[in-house]
Number of protein chains: 4
Amino acid sequence: MNTLGEKFSFTSFGESHGKAIGGVLDGVPAGVRIDMDMIHEALDKRAGRVKVKGAVSPRALREGDEVEWLSGVMDGVTLGTPIAFIIRNKDARPEDYEWLKHSYRIGHADRTYQEKYGIRDHRGGGRASARETASRVVAGSVAQQLLKAKGVDIKAKLVQVGEEKNPERFDEYIAVIQRDGDSIGGIVECVITGLPIGVGEPIFDKLQSHLAFAMMSINGCKGFEYGSGFESVGLKGSEMYLSDNHTLISGGIAGGISDGTPVVFRCVFKPTASNRKTFEAIRREGDEAKGKSIGRHDACIAVRAVAVVEAMAALVLQDFLSK
Amino acid sequence: MNTLGEKFSFTSFGESHGKAIGGVLDGVPAGVRIDMDMIHEALDKRAGRVKVKGAVSPRALREGDEVEWLSGVMDGVTLGTPIAFIIRNKDARPEDYEWLKHSYRIGHADRTYQEKYGIRDHRGGGRASARETASRVVAGSVAQQLLKAKGVDIKAKLVQVGEEKNPERFDEYIAVIQRDGDSIGGIVECVITGLPIGVGEPIFDKLQSHLAFAMMSINGCKGFEYGSGFESVGLKGSEMYLSDNHTLISGGIAGGISDGTPVVFRCVFKPTASNRKTFEAIRREGDEAKGKSIGRHDACIAVRAVAVVEAMAALVLQDFLSK
Amino acid sequence: MNTLGEKFSFTSFGESHGKAIGGVLDGVPAGVRIDMDMIHEALDKRAGRVKVKGAVSPRALREGDEVEWLSGVMDGVTLGTPIAFIIRNKDARPEDYEWLKHSYRIGHADRTYQEKYGIRDHRGGGRASARETASRVVAGSVAQQLLKAKGVDIKAKLVQVGEEKNPERFDEYIAVIQRDGDSIGGIVECVITGLPIGVGEPIFDKLQSHLAFAMMSINGCKGFEYGSGFESVGLKGSEMYLSDNHTLISGGIAGGISDGTPVVFRCVFKPTASNRKTFEAIRREGDEAKGKSIGRHDACIAVRAVAVVEAMAALVLQDFLSK
Amino acid sequence: MNTLGEKFSFTSFGESHGKAIGGVLDGVPAGVRIDMDMIHEALDKRAGRVKVKGAVSPRALREGDEVEWLSGVMDGVTLGTPIAFIIRNKDARPEDYEWLKHSYRIGHADRTYQEKYGIRDHRGGGRASARETASRVVAGSVAQQLLKAKGVDIKAKLVQVGEEKNPERFDEYIAVIQRDGDSIGGIVECVITGLPIGVGEPIFDKLQSHLAFAMMSINGCKGFEYGSGFESVGLKGSEMYLSDNHTLISGGIAGGISDGTPVVFRCVFKPTASNRKTFEAIRREGDEAKGKSIGRHDACIAVRAVAVVEAMAALVLQDFLSK
């Protein structure tokens, strides 16, 4: 249930305000040198510590993610045995979350967790917290390095924020939303180059099926499309197949199998529920508990999702290439 | 690779112009009476033999799908052992496909198959043919019956064809496209009611991940979204979470787990590549082989996809409820 | 539950007196010519139709196993798609088994099935019948052919019947038991040559774990050992590791991984419960139903198990070599 | 590859002389209080810190296994999320193992690892070390507690050492072997009581198949049998099925499914290769490196295996009961 992949698998564990989060990567080939700097760059990108066109996350300072490697690596080189790593949770102030013990936040999984398990770690969302994606990014970065060695490159970027499609204006747009105490959705596009022909299985284990599965597992992702995606509805066959822009339309996949051209897909991320405006409105309606703000929030979670989209794509592809 | 699900699993086999297509359903509880009429109704819907607002498929007559049950059922009641069934391929005219031996059709998986396997059953697309979905519909219909007994209802329908969103006009719209020798995309929406709270796992095995996986495995599906889906990009948090139309926006899932309200998702289907206009255009460009028409085609594959969407959703949910 | 293997998997279906038994083999590489004669030889061996040192099975005539190939093979060559096959059940005389509807045979799984499922196909043991192993032999023979092409050879033989260890006397020994209306146990030894170094995984997925799993799944198998096996208990380290007969002791596996020498393992098969003496004794005690004989039986099921042991070993190894 | 189980799964990681060994338990129900004392008792038993009839392990002092719980448990109660734990390796003296860098020990997996991975952690056997079983014992003890709450009890014990079958004389026997610088094999018997009827699946996933798989994955285990086991070879059907001692013969399993009587199985453990006599003999033959003793060793590894056998049985059964 907390494992993704078969021959190259990633098992994730940890609550956001417990002792540590972490993971186990199984199926990593032996004898590969791991570039720790690349892993930290990916973590910085996810944490909003790198400026993605200026959209610095207010949560950036909080998470100084230090990765401790417990097994599978000797002198920086993989042993072919499972790689276990942890990131200790530093800034655990459980008192901040005491009120959540008996309250469900709107737009969060608080209630479904309580119903499903009868118990939950209420602190900061516990297992449902986006903090868990830090482990995904560590694992995904290892996968990305393995893929790079085979010539496969994964590159995601933000292509839309609200109605804005011009990247030059994303900063400004998000800053306005942030000042306004509101949040906004965004679309992340990912392009995979260098993938050989033949990746994917024809019936259920189609390449697009596994990519969709992985992307939909990212918190806040509400949709996945590849190639012409939802625009396909308005296309006529005579336009689609005679188009010069083949890749844009096919998305690099035919019959579930990579066709040798770049694989292109997009995911949409909803606005976060943790925004001041929502809280204030709820409070006005008299529901004090639900309206209690936990302070810092991201105006556009799609910004930080870019690193997670790359990580998840890398985990999927490395698993396919390990079979 | 040809199996979907864990505790309730479906294994699919068969080439479209081989001896038979079929499947094995494992994990079906013992002692359940199977309603064979419901299975044939689902097959008829998939085959376009029932009028879905008049859009009768020109391929309908060809496929008189008779299901032969080989095991797992005694006197119409399940034994708890694997249920194997086959549908024999009647109308096998391999000579119709002789030209495909040395030619790849545009918009089909012919080339990726050949590259991946070094061999393929060229007749009618072989394994990549949409005919394989008949087996999915049989299996899915069994799953739907098991779900119905638990109060879970799955209902899909066509909600958009081209730019048209008014179901009253779908017939006419598709008829025009058909006459024109062209094809068009469509969007299928599926609503699941009666699902208890708690279905889905919090991290990777989210309910939406498994639904997306299953839908993206249907031929021609280019995108999946649930709840507010891609429209989320333009929503502000203050609008989204204070909306009265909760379900439309949440899609019945929170944190990967069903929240007790109806689950709503949509998939988009591209226009089929098998249309006269495309063929003629290719032929004009001098590529005789590629432009060879195989005659009958569906102007809007989304019409028949409705039955497959229901089947796949049922397989996913029955697997979740079997765990 | 009815599937064995991951990258090369076999799904088994069918009740012994239903319409057909059969299976689906997934993960077979494309472009391989299947030798149908070898499959029938293996089936003959399993059915006791070939004289294994004269011990002809009285059930031999009954099962003229004709294999029908439904998919995955075109003109005798594999397509890389799932191979489905069936063997129709001819000699279905359900009236022979009518008495079993309300009675459990001793030494059979009748009662555990009824308790587990609340329903069972009582005819001839249904799914628990040894007839199911015919499907395993077909699948295993395909695997054996794939392995042979890689230089891996699997050869099993009977090495002990009762207290008799001299193969020259097996015939006679079994004939006496048969005449006496009794049954007797046996030990099958299997030797795998040509396996490269490195097959098996170090922790759980050890080579011996998968072989033991597969052998213990054969009806009547009560024990598995490799190399020095149970004799290890009486060995001193100083004897064991300084022995000249390395393979006999190591069994060709070190730390769960093949070491390049022949892999040697043994399985023990209990005497069948279907013997006249047992029935008569039970009848004398007044339990008519339980004591009802179904006529024909094998005095030593280990004879026919030889073909099944080879088949199961082949399925395990081909799965390992497909990863 | 390093994961056992499906619905209740255990992922193991760590090299014996790396930073830590540990594991992740997934599928543990929420709201269960874990008894940490029971876990430490099991660890003590495995480490030879408790006197099992006096046979105290010389390695006992070295391993003061302290378990650190990283996730899945809050205030001693499970959260339903994955439980990660680690045991740090204290006594890491890599210089002791420097000579192993370029040498393979006899009877160990040194060579197969090097061949398979091209690299290995040579320190103390790395991943192949018996130290890894400490993680299994922690995980197994959690499983045992979950089973106990359902009335299922697992109890293993040493039943044979060398030719000695009288437990009263085991101490003495092993002490002699130890003084002699030699090692000896042993047989562990495990009895499971309280298991409900119906555990196990009829075809491949038989109860005995999963138990055999798990036992054969323990270092040094060369054979598995249940019920009458290898003694079945000499039994006649007329003796076997009319015996009064049903359980001893059936082993509590019929057709792969538990029959409600106690499940009884046995595993044999070979003498360890790490004994002075072997080393001296090798050294006499001039192979200095191979003959280098690493000092402490267990004269009979079956003594400590008792705790591991219980742990593995618990992991298997809890997985079955979670489905």
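Chain letters run A, B, ... following the sequence lines, proteins first and then strands; every chain starts at 1.
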Salt bridge [X]-[Y], side-chain N to carboxylate O under 4.0 Å:
| X | Y | value |
| --- | --- | --- |
| C:Glu66 | C:Lys90 | yes |
| C:Glu68 | C:Lys19 | no |
| B:Asp65 | B:Arg131 | yes |

Check whether [X] gets within reach of chain C through its side chain, its backbone, both or neither, counting any heavy atom under 4.5 Å.
| X | value |
| --- | --- |
| B:Lys116 | neither |
| B:Ile21 | neither |
| B:Glu6 | backbone |
| B:Ser12 | backbone |

Problem - Portion of C:Ile86 that has a non-hydrogen atom of chain B nearer than 4.5 angstrom - result: side chain

Handout entry: Portion of C:Thr78 that has a non-hydrogen atom of chain B nearer than 4.5 angstrom
Key = backbone

Fill in the blank from the handout: Per-residue tally against chain B (heavy atom, under 4.5 Å) across C:Ser9, C:Gly22, C:Gly72, C:Gly118 peaks at C:Gly72

Exercise for the section: Tell me, out of C:Ala30, C:Pro29, C:Pro82, C:Gly27, who's got the most heavy-atom pairs with chain B below 4.5 Å. Expected result: C:Pro82

Exercise for the section: Determine the sole option in C:Met312, C:Glu310, C:Arg304 for which the side chain to side chain contact (heavy atoms under 4.5 Å, CB included) test with C:Val308 is passed. Expected result: C:Met312

Exercise for the section: Not counting sequence neighbours, list each pair that qualifies as a salt bridge (charged side-chain N to carboxylate O under 4.0 Å, His left out) and has a residue in residues 139-149 of chain B. Expected result: B:Lys148-B:Asp153

Exercise for the section: Compute both the distance and the angle, then confirm whether B:Lys323 meets the cation-pi test with B:Phe320: under 6.0 Å from the six-membered ring centre, within 45 degrees of the axis. Expected result: yes

